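Encoded as structure tokens, the structure appears first; notes follow it.
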Amino acid sequence: MNFDLTPEQDQLRDAVRALGRRYGHDYFVTKARSGEHTTELWDEAGRLGYLGVNIPTEYGGGGGGITELAIVCEELAAAGCPLLLLVVSPAIAATVIARHGTEEQRKRFLPGFADGSLKVVFAITEPEAGSNFHRLGTVARRDGDDWLLSGRKCYISGVDEASYVLVVARTEDAVTGKLKPALFVVPTDAPGLTRSKLDMEIVSPENQFLLYLDDVRLPADALVGESLDAGLPALFAGLNPERITVAAMGAGTGRYAIERASEYTATRKVWGGRSIGSHQGVAHPLAHAAVQVELARLMIHKAATLYDAGRDLEAGVSGNMAKYAAGEAAALAVDTAVQVLGGAGMTTEYGVATLLGAVRAGRIAPVSREMILNFVAQHVLGQDKSY
């Protein structure tokens with residue numbers, strides 16, 4: 001068991017940390033509050049190769065895995081710039097296409113993922129079904145050689161920034177007549193695809209949308225993979241990277257909040273010339289939060305290592321645990337940072353309360369803490385399925 005990063009991974013961590021700190025949380029908040037996107041940071045990260053670290057080298061990427069992409073997610077978040085589209089585009093969409101797309105699809109899309117010039121978002125969640133793909137209402141049906149997609153999606157991140165959206169729909173199996181999942185690469189300007197922005201109580205440069213698909217016509221090659229049989233494995237191929245990178249972003253956010261709070265409490269003096277951090281009532285909550293963040297980081301490392309080794313079932317368990325642990329740790333760290341800073345913690349200037357909405361959402365999305373506990377109870381503890 002090795003807890004050390006490779007020299008190349010260490011260099012990646014240091015380089016991404018330096019990039020993130022050049023932009024910083026003020027940049028992130030300014031972009032979010034003005035309704036702009038973090039385009040400059042994204043583009044520079046792409047030019048430097050950080051967005052394509054998990055893309056195979058033959059398509060212009062770094063040839064690494066989810067371990068390397070998790071490093072990028074964590075370090076940018078630790079600099080106060082948690083970029084949700086890192087999860088959606090390089091982690092989910094690029095992994096799905098790299099592992100289950102046709103060779104033509106890999107040649108067409110992966111180089112753009114690698115240099116950051118292409119953003120592809122992901123649409124599974126629906127108003128009625130949530131993320132339960134067994135009950136999805138979005139249906140794809142054949143019309144000659146084409147496909148027609150109809151349905152609704154909600155809480156879809158970054159549609160206004162993306163060229164394509166990877167849509168999870170259901171198709172009818174010609175043999176059994178049963179509906180089965182399939183993934184389609186849909187241009188965001190396709191006729192019949194419309195969107196409506198959701199107003200969220202989260203300080204973020206990435207927007208959330210409702211999507212409406214009204215007989216969106218797609219060519220045959222919009223279907224991910226060689227056949228409909230690729231749908232289910234392609235869907236699951238994106239879920240473990242999603243959980244791992246979301247967890248990494250949460251852990252980085254937790255580190256950022258603890259660092260900001262620790263700097264403040266080590267220098268803030270109110271009673272008798274001693275720093276407020278010398279009092280256990282302040283120091284212990286921060287120390288506790290730091291422990292929880294570090295424990296989450298260990299599980300993230302385990303999950304990413306298992307995933308990159310091709311041990312998907314084990315990575316599924318660890319990825320869910322990592323997402324749970326990081327979601328709880330990030331929420332605790334930010335809340336604790338706000339508390340120990342007192343009134344200053346609620347100001348924009350000190351840069352921690354601006355993360356309250358995001359870390360609270362991290363306990364809900366992309367899978368809620370309760371559904372993860374259901375998963376662990378069933379698959380780890382051997383309990384009957386409760387839902």
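For clarity, every value in this text was computed on a predicted model and none was experimentally measured.
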(message) Under a 3.5 Å distance rule, please check whether Lys153 uses its side chain to pair with a backbone N or O of Ile124 as donor and acceptor.
(response) yes
(request) Report, as yes or no, whether the 6.0 Å neighbourhood of atom CE on Met346 holds more than 12 heavy atoms from other residues, nucleotides or ligands. (result) no
(request) With rounding to the nearest 0.5 Å, note down the distance linking CD in Gln339 to CG in Leu332. (result) 11.5 Å
(message) Between Glu44 and Arg22 (salt bridge meaning N to carboxylate O under 4.0 Å), is one present in this structure?
(response) yes
(request) Using the six-membered ring of Tyr387, assess whether NZ or CZ of Lys385 lies under 6.0 Å from its centre and within 45 degrees of the ring axis. (result) yes
(message) Between Ser157 and Gln208, is there a side-chain donor-acceptor contact under 3.5 Å, judged purely by atom types and distance?
(response) yes
(message) One thing to verify: whether Arg255 and Glu75 come together as a salt bridge, which I'm taking to mean a side-chain N less than 4.0 angstrom from a carboxylate O.
(response) yes
(message) Under 4.5 Å between side-chain heavy atoms, counting indirect links through other Ile/Leu/Val/Met/Phe/Trp/Tyr residues: same cluster for Leu41 and Val53 or not?
(response) yes
(request) Flag the pair Thr194 / Asp214 as yes when at least one side-chain heavy-atom distance between them is below 4.5 Å, and no otherwise. (result) no
(message) Taking Lys180 first and then Asp229, would you say they form a salt bridge - that is, a charged N and a carboxylate O separated by under 4.0 Å?
(response) yes
(request) Find out if a path of hydrophobic residues (ILVMFWY) with successive side-chain heavy-atom gaps under 4.5 Å connects Leu211 to Val96. (result) yes
(request) Kindly indicate whether a cation-pi arrangement holds for Arg195 with Phe209, taking the cut-offs as under 6.0 Å to the six-membered ring centre and within 45° of the axis. (result) yes
(request) Quick one: closest heavy-atom pair of Leu86 and Pro90, and the distance? (result) O-CD, 3.0 Å
(message) Quick check against the 3.5 Å criterion: does Ser262 have a side-chain atom that pairs as donor or acceptor with the backbone of Glu259?
(response) no
(message) Regarding His379 and Asn320, do their side chains bring together a donor and an acceptor under 3.5 Å, going by distance alone?
(response) no
(message) Check Glu104 with Lys107, please: is the shortest side-chain N to carboxylate O separation under 4.0 Å?
(response) no
(message) Quick one: does any side-chain atom of Arg106 pair with a main-chain N or O of Gly101 as donor and acceptor, under 3.5 Å?
(response) yes
(message) What I'd like to find out is whether the side chain of His37 reaches to under 4.5 Å of the side chain of Glu206, using heavy atoms alone.
(response) no
(request) Could you grab the distance from atom OG1 of Thr336 to atom CG of Leu341, nearest 0.5 Å is fine? (result) 11.0 Å
(message) Taking ring-ring contact (aromatic ring centres under 6.0 Å, His included) as the criterion, tell me which of Phe109, Phe113, Phe184, Phe122 meets it with Tyr164.
(response) Phe109
(message) Between Val270 and Arg268, is the side-chain contact (heavy atoms from CB on, under 4.5 Å) condition met? List the steps.
(response) CA-CA 7 Å; Val270 179; Arg268 172 75 167 160; 3.7 Å; yes
(request) Heavy atoms only: give me the nearest Gly351-Arg260 pair and the separation to one decimal. (result) CA-NH1, 4.5 Å
(request) For the pair Lys31 and Glu40, evaluate salt bridge (Lys or Arg N to Asp or Glu O under 4.0 Å) and give the outcome as yes or no after the intermediate values. (result) CA-CA 10 Å; Lys31 289 291 183 180; Glu40 300 87 355; 3.1 Å; yes
(request) Count the heavy atoms of every other residue, nucleotide or ligand shown that sit under 6.0 Å from NZ of Lys197, and state whether that count exceeds 12. (result) yes
(message) With a sphere of 6.0 Å drawn around CG of Leu313, does it hold more than 12 non-hydrogen atoms of other residues, nucleotides or ligands?
(response) no
(message) Looking at Leu223, is its backbone amide N or carbonyl O close enough to the side chain of Trp147 to form a donor-acceptor pair, meaning the two atoms are under 3.5 Å apart?
(response) no
(request) Output yes when Arg99 and Asp312 qualify as a salt bridge under the 4.0 Å nitrogen-oxygen rule, no when they do not. (result) yes
(request) Could you check whether the rings of Tyr350 and Tyr264 sit parallel, tilted or perpendicular, using 30° and 60° as the cut-offs? (result) perpendicular
(message) Does this structure show an ion pair linking Glu126 with Arg152, if we count only N-O contacts that are shorter than 4.0 Å?
(response) no
(message) Any carboxylate oxygen within less than 4.0 angstrom of a Lys/Arg side-chain nitrogen, looking at Asp143 and Arg217?
(response) yes
(message) When you measure from the side chain of Lys323 to the backbone of Gly362, do you find a donor-acceptor pair of N or O atoms at a distance under 3.5 Å?
(response) yes
(message) Applying a strict under-4.5 Å side-chain criterion to I, L, V, M, F, W and Y, I'd like to know whether Tyr324 and Val317 cluster together.
(response) yes
(request) Ignoring hydrogens and angles, tell me if any N or O in the side chain of Gln105 forms a donor-acceptor pair with the backbone of Gly225 under 3.5 Å. (result) yes
(message) Ignoring hydrogens and geometry beyond distance, is a side-chain donor-acceptor pair present between Thr354 and His25 at under 3.5 Å?
(response) yes
(message) Please determine whether residues Val139 and Leu183 belong to a single hydrophobic cluster, defined as Ile, Leu, Val, Met, Phe, Trp and Tyr linked transitively by side-chain heavy-atom distances below 4.5 Å.
(response) no
(message) Within the 4.5 Å heavy-atom criterion, are Tyr27 and Thr30 side-chain neighbours or not?
(response) no
(message) Counting C-beta onward and ignoring hydrogens, is there a side-chain heavy-atom pair between Arg363 and Arg369 closer than 4.5 Å?
(response) yes
(message) I want to check something: taking the side chain as every heavy atom from C-beta on, are Gln9 and Thr67 in contact at a cut-off of under 4.5 Å?
(response) yes
(message) Just verifying a value: how many Å separate Ile372 CD1 and Arg243 CZ, rounded to the nearest 0.5 Å?
(response) 6.5 Å
(request) Of all the heavy-atom pairs spanning Val246 and Ala365, show the shortest one and how long it is. (result) CG1-O, 4.4 Å
(request) Look at atom OH of Tyr23 and say whether more than 12 heavy atoms of other residues, nucleotides or ligands are closer to it than 6.0 Å. (result) yes
(message) Let me confirm one number: the CG-CG distance from Leu69 to Asp308, rounded to the nearest 0.5 Å.
(response) 10.0 Å
(message) For Ala315, is there any backbone N or O sitting under 3.5 Å from a side-chain donor or acceptor partner on Ser318?
(response) no
(message) Could you check whether Arg17 pairs with Asp14 (Lys NZ or Arg NE/NH1/NH2 to Asp/Glu carboxylate O, under 4.0 Å)?
(response) yes
(request) Could you grab the distance from atom OG1 of Thr188 to atom CD of Glu161, nearest 0.5 Å is fine? (result) 11.0 Å
(message) For Arg274, is there any backbone N or O sitting under 3.5 Å from a side-chain donor or acceptor partner on Ser278?
(response) no
(message) Looking at every heavy atom in both Ala248 and Cys73, which two are closest together, and how far apart are they?
(response) CB-CB, 4.2 Å
(request) Determine, using the 4.5 Å side-chain heavy-atom cutoff (strictly less than), whether Val186 and Tyr212 are members of one ILVMFWY cluster. (result) no
(message) Measuring only between side-chain heavy atoms, which start at C-beta, is Asp146 closer than 4.5 Å to Leu218?
(response) no
(request) Check for a donor-acceptor pair, side chain of Thr102 on one end and backbone N or O of Glu226 on the other, with a separation under 3.5 Å. (result) no
(request) Look at atom CG of Asn2 and say whether more than 12 heavy atoms of other residues, nucleotides or ligands are closer to it than 6.0 Å. (result) yes
(request) Considering non-hydrogen atoms only, spot the tightest contact between Pro241 and Ile66 and give its length. (result) CB-CD1, 3.7 Å
(message) Measuring from atom OG1 of Thr267 to atom CD of Glu263, what distance do you get when rounded to the nearest 0.5 angstrom?
(response) 8.0 Å
(message) Is it the case that the side chain of Gln292 and the backbone of Ala289 share a donor-acceptor pair, with hydrogens and angles ignored and the cut-off at 3.5 Å?
(response) no
(request) Heavy atoms only: give me the nearest Leu83-Trp42 pair and the separation to one decimal. (result) CD1-CE3, 4.3 Å
(message) Side chains of Val224 and Leu166, heavy atoms from C-beta outward: is any pair under 4.5 Å?
(response) yes
(message) Closer than 4.0 angstrom, basic N to acidic O: yes or no for Glu201 and Arg360?
(response) no
(message) Using side-chain heavy atoms (C-beta onward) and a distance below 4.5 Å, is Ile276 in contact with Val340?
(response) no
(request) For the residue pair Thr347 and Glu349, confirm or rule out a side-chain donor-acceptor distance under 3.5 Å. (result) no
(request) Considering only NZ, NE, NH1 and NH2 on the basic side and carboxylate oxygens on the acidic side, decide whether Glu128 and Arg135 come within less than 4.0 Å. (result) no
